[in-house]
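Reckoned from all heavy atoms, side chains included, excluding hydrogens, waters and symmetry mates. Every value quoted in this text rests on a predicted model; they were computed, and no experiment measured them.
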Amino acid sequence: MASFLRTTIAWAWLSGLLLGCSTPTLYSWGHYEAQIYSSSVTPATMSPEAQVAQLEQDYQKARAENKRMPPGFHAQLGYLYFQLGRLDQARRELEAEKTEFPESAVLVDRLLASLKKP
Amino acid sequence: MSARALVAVTACALALSTLAGCAKPYDYTNFRQHHPRSILVLLPKNESNTADAAWSYQSTVTRPLAERGYYVFPVAVVDRLMKDDGVSPSKAAEILGADSVLYVTLEEYGTKQQVLNAATLVKLRGQLVDARSGVLLWERRFAIQHNSNLGSGGILGDSTEAAHNLAGPANVRFFGDSDQGLLYGPYHPRYGKDE
């Protein structure tokens, strides 16, 4: 019972710490991680079109709040556009990933090269 | 023994037991020497009984690492690329230009129902390795438990979902605890100012 109480208190404290404090985050996360979860664990729930629409909305919202998108966001969006055959938009998003995060250059150049393949 | 001496002895014993109880700070010598800018997170190895644990966890790992200041490769895109191009995990870092690779093993990931409560447990270990030299930069083993009271006739929710919801807070501590977690990365304002 004592250990149960301890864990409960620790948990309440932890949740308070995580939810209550308004620690400023570096990025605006939107649905990026939620989509990774749903597209891998329950793949039938959302079409690529719906995923693109949701991420584009996240991006507009973040821009309005002057916040940065997290690492991987533009690459993910670019990959979805690529799956839909919308190659210009795919290219634009991949370039955005590289501009925001030069660490992604090798990955992005590889993806861009595969877009050029017939 | 005088009362004063007894107090002194007791105080010493207390101080010692407190010190012994704390974990030693991690030795960050290798980490500082090869300080990575980017992290490639490979799909975790799943030793738990939860079938979807690996992707459940993988969808919670980007945020704490990125908020710690690192570039985190897009986990879903990388997975597709590795499958489509038949890239082995050992080659992936080189092909993607990653500075470091994070290997995670999920030891426990789910809920065990007890008499009056349900205990959700996320237990994991991780190793961060320098991609070029193969030097171990950081490793840690960590567990977090969340008990929920079922009450009378309480219904246990989905075990995977409970673990999934705990994975986020688990990662914040796993990577962020001072003296045990990762040093701050280059996109964090406190980069290079770690003790």
Requested in this report: Give a yes or no answer on whether the side chain of A/Glu103 reaches the backbone of B/Ala98 with a donor-acceptor pair at less than 3.5 Å.
Outcome: no

Report task. Using distance alone, with no hydrogens and no angle criterion, decide if B/Tyr71 and A/Glu97 have a side-chain donor and acceptor under 3.5 Å apart. Result -> yes

Report task. Report yes if the distance between the aromatic ring centroids of A/Phe101 and B/Tyr187 is under 6.0 Å, otherwise no. Result -> yes

Query - Interchain contact, A/Leu80 with chain B, by part (heavy-atom threshold 4.5 Å) - result: neither

Report summary line: Applying salt bridge (charged side-chain N to carboxylate O under 4.0 Å, His left out) to B/Arg63 and not counting sequence neighbours gives none

Query raised in the report: When rounded to the nearest 0.5 angstrom, what is the spacing between CG in A/Leu26 and NE2 in B/His188?
Result: 5.5 Å

Report task. Would you mind checking which part of B/Tyr70 comes under 4.5 Å of any heavy atom in chain A, side chain (CB onward), backbone (N, CA, C, O), both or neither? Result -> backbone

Query raised in the report: Non-hydrogen atoms of chain B under 4.5 Å away: do they reach the side chain of A/Gln83, the backbone, both or neither?
Result: side chain

Report summary line: Correct closest heavy-atom pair for A/Thr25 and B/Glu67 would be CB-OE2, 3.3 Å

Requested in this report: May I ask whether B/Val61 and B/Tyr184 are part of the same hydrophobic cluster, defined by side-chain heavy atoms of I, L, V, M, F, W, Y residues being less than 4.5 angstrom apart, directly or through others?
Outcome: no

Requested in this report: Please indicate whether A/Gln57 has more than 12 foreign heavy atoms, meaning atoms of other residues, nucleotides or ligands, lying under 6.0 Å from its CD.
Outcome: no

Requested in this report: Name the region of B/Leu65, side chain, backbone, both or neither, that has any atom closer than 4.5 Å to a heavy atom of chain A.
Outcome: neither

Requested in this report: Give the cluster check for A/Leu55 versus A/Tyr59: same hydrophobic cluster or not, with ILVMFWY residues linked at side-chain heavy-atom distances below 4.5 Å.
Outcome: yes

Query - In one Ile/Leu/Val/Met/Phe/Trp/Tyr side-chain cluster, 4.5 Å: B/Met82, A/Leu94 - result: yes

Query raised in the report: Is there a donor-acceptor pair closer than 3.5 Å between any side-chain N or O of A/Gln76 and the backbone N or O of B/Ala76?
Result: no

Query - Separation between CG of B/Asp85 and OG of A/Ser114, rounded to the nearest 0.5 Å - result: 7.5 Å

Query raised in the report: Are A/Val106 and B/Val75 joined in one hydrophobic group, where the rule is that I, L, V, M, F, W and Y side chains link up if heavy atoms are under 4.5 Å apart?
Result: no

Query raised in the report: CG of B/Leu40 to CG of A/Leu107: how many Å apart, nearest 0.5 Å?
Result: 9.5 Å

Query - Value rounded to 0.5 Å, distance of CG in B/Leu81 from CZ in A/Arg110 - result: 5.5 Å

Report task. Search all heavy atoms of A/Tyr79 against all heavy atoms of B/Asp84 and return the closest pair with its distance. Result -> OH-OD2, 3.5 Å

Query raised in the report: In terms of hydrophobic clustering (I, L, V, M, F, W, Y; side-chain heavy atoms under 4.5 Å; direct or indirect links), are B/Phe142 and B/Phe31 co-clustered?
Result: yes

Query - Leading residue by heavy atom contact count with chain A [cutoff under 4.5 Å; candidates B/Val78, B/Thr160, B/Asp79, B/Val72] - result: B/Val72

Query raised in the report: Does CZ in B/Arg190 sit with more than 12 non-hydrogen atoms of other residues, nucleotides or ligands closer than 6.0 Å?
Result: no

Report task. Measure the spacing between OG of A/Ser40 and CZ of B/Arg80 and express it to the nearest 0.5 Å. Result -> 11.5 Å

Query raised in the report: B/Pro74 and A/Ala75: which non-hydrogen atoms are nearest, and at how many Å?
Result: CG-CB, 3.7 Å

Requested in this report: Give the member of B/Ala66, B/Ser38, B/Pro186 that has the highest number of heavy-atom pairs under 4.5 Å with chain A.
Outcome: B/Ala66

**Report entry** Heavy-atom pair count under 4.5 Å with chain B, highest-scoring of A/Tyr37, A/Phe82, A/Tyr27, A/Tyr32
**Finding:** A/Tyr37

**Report entry** B/Arg132: salt bridge (charged side-chain N to carboxylate O under 4.0 Å, His left out) partners, not counting sequence neighbours
**Finding:** B/Asp99

Query raised in the report: If every non-hydrogen atom of A/Ile36 is compared with every non-hydrogen atom of B/Ser59, which pair is closest and at what distance?
Result: CG2-CB, 3.7 Å

Query raised in the report: Listed by chain and number, what are the salt bridge (charged side-chain N to carboxylate O under 4.0 Å, His left out) partners of B/Asp177, not counting sequence neighbours?
Result: B/Arg140, B/Arg173

Report summary line: Within residues 46-57 of chain B, the residues sitting under 4.5 Å from chain A by heavy atom, in sequence order, are B/Asp52, B/Trp55, B/Ser56

